[in-house]
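Report on one structure; see the data block that follows.
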Amino acid sequence: MKKGVFITLEGPDGSGKTTQAARLARWLEERGRKVLITREPGGTKLAEILRKLALDPDLPVSKPTESLLHLAARADHVDKVIRPALEEGCVVICDRFGDSTLIYQGILGGMDLDQLRRLNLFATQGLQPDLTLLIDGDPRVLAMRRDARGVTDKFEQEGLAFQEKIRKGYLYLAEQEKERILLIHGEAPEAEVTEEIIKKVEKFV
Ligand code: TYD
């Protein structure tokens with residue numbers, strides 16, 4: 001039985017999810033909560049191997065194959081890491097989760113959204129985030145951060161128009177699930193973004 005709280009962070013590449021996950025974790029730990037930070041694709045030995053395969057620009061695969069690699073990684077991650085941590089009462093903060101599949105393989109990749117939603121539920125055996133923080137912002141502003149960090153995987157090489165589509169896609173998902181997906185203004189300075197996140201998370205933890 002689940003006792004913890006499951007929070008996911010979503011947003012375009014370079015939106016500061018990883019930094020904010022760490023800052024939120026620190027805030028929660030200072031208040032005595034047990035926290036697990038993890039990320040997708042990844043989080044287990046198998047999922048890290050699948051991550052390498054799914055994100056390798058030299059290994060082009062079809063969209064169904066790509067979707068299934070991410071879903072297989074998610075299934076292993078939930079089974080071995082996320083669900084056990086929630087059962088122990090941890091706050092689990094996951095950098096990307098099922099919504100990333102809906103965006104990257106669904107809205108951008110052309111895979112059917114309802115099918116992907118069902119596959120997400122199959123992969124997680126019904127587990128869904130209690131709360132999803134969507135870090136939103138103008139892709140040009142976010143791109144400056146990304147460029148400072150270096151370009152690494154195949155999505156990040158596709159440029160601004162692609163990032164605009166990602167943003168629109170996320171806003172569309174947020175519109176459909178207003179209770180779960182909360183918008184965070186990601187262009188603000190790091191500390192202000194954290195403050196907004198904490199305000200929104202406070203009532204859930
Ligand atoms: P990552 O290097 O973790 O970058 P960031 O989260 O900072 O963008 O890259 C993960 C990439 O994997 C990202 O481009 C989105 C992609 N992805 C999918 O295509 N589908 C998925 O289901 C997940 C979880 C990620």
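Computed from a predicted structure; not experimentally measured.
For Glu48, the salt bridge (Lys or Arg N to Asp or Glu O under 4.0 Å) partners are Arg39, not counting sequence neighbours. Every residue meeting the side chain to side chain donor-acceptor pair (under 3.5 Å) condition with Lys34, not counting sequence neighbours, appears here in chain and number order: Glu88. Taking Lys45 as the reference, nothing meets the side chain to side chain donor-acceptor pair (under 3.5 Å) condition, with sequence neighbours excluded. With sequence neighbours excluded, the residues satisfying side chain to side chain contact (heavy atoms under 4.5 Å, CB included) with Ala72 are Leu50. The salt bridge (Lys or Arg N to Asp or Glu O under 4.0 Å) test applied to Asp112 returns no partner, not counting sequence neighbours. In terms of the ring-ring contact (aromatic ring centres under 6.0 Å, His included) criterion, Tyr170 has no residue partners (sequence neighbours excluded). Annotation: side chain to side chain contact (heavy atoms under 4.5 Å, CB included) contacts of Glu164 (sequence neighbours excluded): Pro139, Leu160. Arg26 pairs by the salt bridge (Lys or Arg N to Asp or Glu O under 4.0 Å) definition with nothing, not counting sequence neighbours. With sequence neighbours left out, the side chain to side chain donor-acceptor pair (under 3.5 Å) criterion links Arg31 to no other residue. Under the rule for a side chain to side chain donor-acceptor pair (under 3.5 Å), the partners of Glu190 that lie at least two apart in sequence or sit in another chain are Arg23.
Residues Ile181 and Ala174 come closest through the heavy atom pair CG2-CB, 3.7 Å. Taking all atoms of both residues into account, the shortest heavy-atom contact from Pro12 to Gln163 is CB-OE1, 3.5 Å. Taking every heavy atom of both residues into account, Arg96 and Lys17 meet most closely at NH2-NZ, 3.4 Å. His70 approaches Ala54 most closely through the heavy-atom pair NE2-CB, 3.7 Å. Minimum heavy-atom separation, Leu71 to Ala123: O-CB, 3.6 Å. Closest heavy-atom contact between Gly42 and Ala47: O-CB, 3.4 Å.
Here the SG atom belonging to Cys94 is positioned 8.5 Å from the CG atom belonging to Leu9, to the nearest 0.5 angstrom. Separation of atoms CG (Leu59) and CD (Glu66) is listed at 10.5 Å; rounding is to 0.5 Å. From Asp114, atom CG reaches atom CG of Leu119 across 11.0 Å, with rounding to the nearest 0.5 Å. One distance of note links OG1 of Thr44 with CZ of Arg51; it measures 12.0 Å at 0.5 Å rounding. Interatomic distance, Arg83 CZ to Glu87 CD, rounded to the nearest 0.5 Å: 7.0 Å. Interatomic distance, Leu134 CG to Ser15 OG, rounded to the nearest 0.5 Å: 8.0 Å.
Between the side chains of Tyr172 and Arg167, no donor N or O sits under 3.5 Å from an acceptor N or O. A side-chain donor-acceptor contact under 3.5 Å links Thr194 and Gln20. Side-chain atoms of Tyr104 and Asp13 form a donor-acceptor pair, as typed in the model, at a separation below 3.5 Å.
Both Val5 and Trp27 are assigned to one and the same hydrophobic cluster, defined by single-linkage of ILVMFWY side chains at heavy-atom distances under 4.5 Å. Under the 4.5 Å side-chain heavy-atom criterion for grouping Ile, Leu, Val, Met, Phe, Trp and Tyr, Ile135 is not connected to Phe162 through any hydrophobic cluster. Ile197 and Leu36 are members of different hydrophobic clusters when ILVMFWY side chains are connected at heavy-atom separations under 4.5 Å. Hydrophobic clustering of Ile, Leu, Val, Met, Phe, Trp and Tyr side chains at less than 4.5 Å, counting indirect connections, unites Leu171 with Ile107. Cluster membership check: Ile49 does not share its hydrophobic cluster with Leu55, using side-chain heavy-atom separations under 4.5 Å among Ile, Leu, Val, Met, Phe, Trp and Tyr.
Counting heavy atoms from C-beta outward, Leu133 and Thr8 have side chains that stay 4.5 Å or more apart. In this structure, the side chains of Asp95 and Ile37 stay at 4.5 Å or more apart for every pair of heavy atoms. A 4.5 Å side-chain heavy-atom check between Leu24 and Val35 finds every atom pair outside the cut-off. Counting heavy atoms from C-beta outward, Glu10 and Ser100 have side chains that approach closer than 4.5 Å. The closest side-chain heavy-atom distance from Thr132 to Ile7 is not below 4.5 Å. Considering only heavy atoms from C-beta on, Lys80 stays 4.5 Å or farther from His77 through its side chain. At least one side-chain heavy atom of Leu173 sits under 4.5 Å from a side-chain heavy atom of Ile103.
Checking side-chain atoms of Thr65 against main-chain N and O of Val61 turns up no donor-acceptor pair under 3.5 Å. With Glu187 contributing its side chain and Asp138 its backbone, the two residues share a donor-acceptor pair below 3.5 Å.
Sorted by first and then second residue, the pairs that involve residues 120-129 and meet side-chain hydrogen bond (donor to acceptor under 3.5 Å, both in side chains), not counting sequence neighbours, are Arg74-Asn120.
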For residues 198-205, which side-chain N or O atoms pair as donor and acceptor with protein atoms under 3.5 Å away, sequence neighbours left out?
from   : atom 1 : to     : atom 2 : distance (Å)
Lys200 : NZ     : Leu183 : O      : 3.0
Lys200 : NZ     : Glu196 : OE2    : 2.9

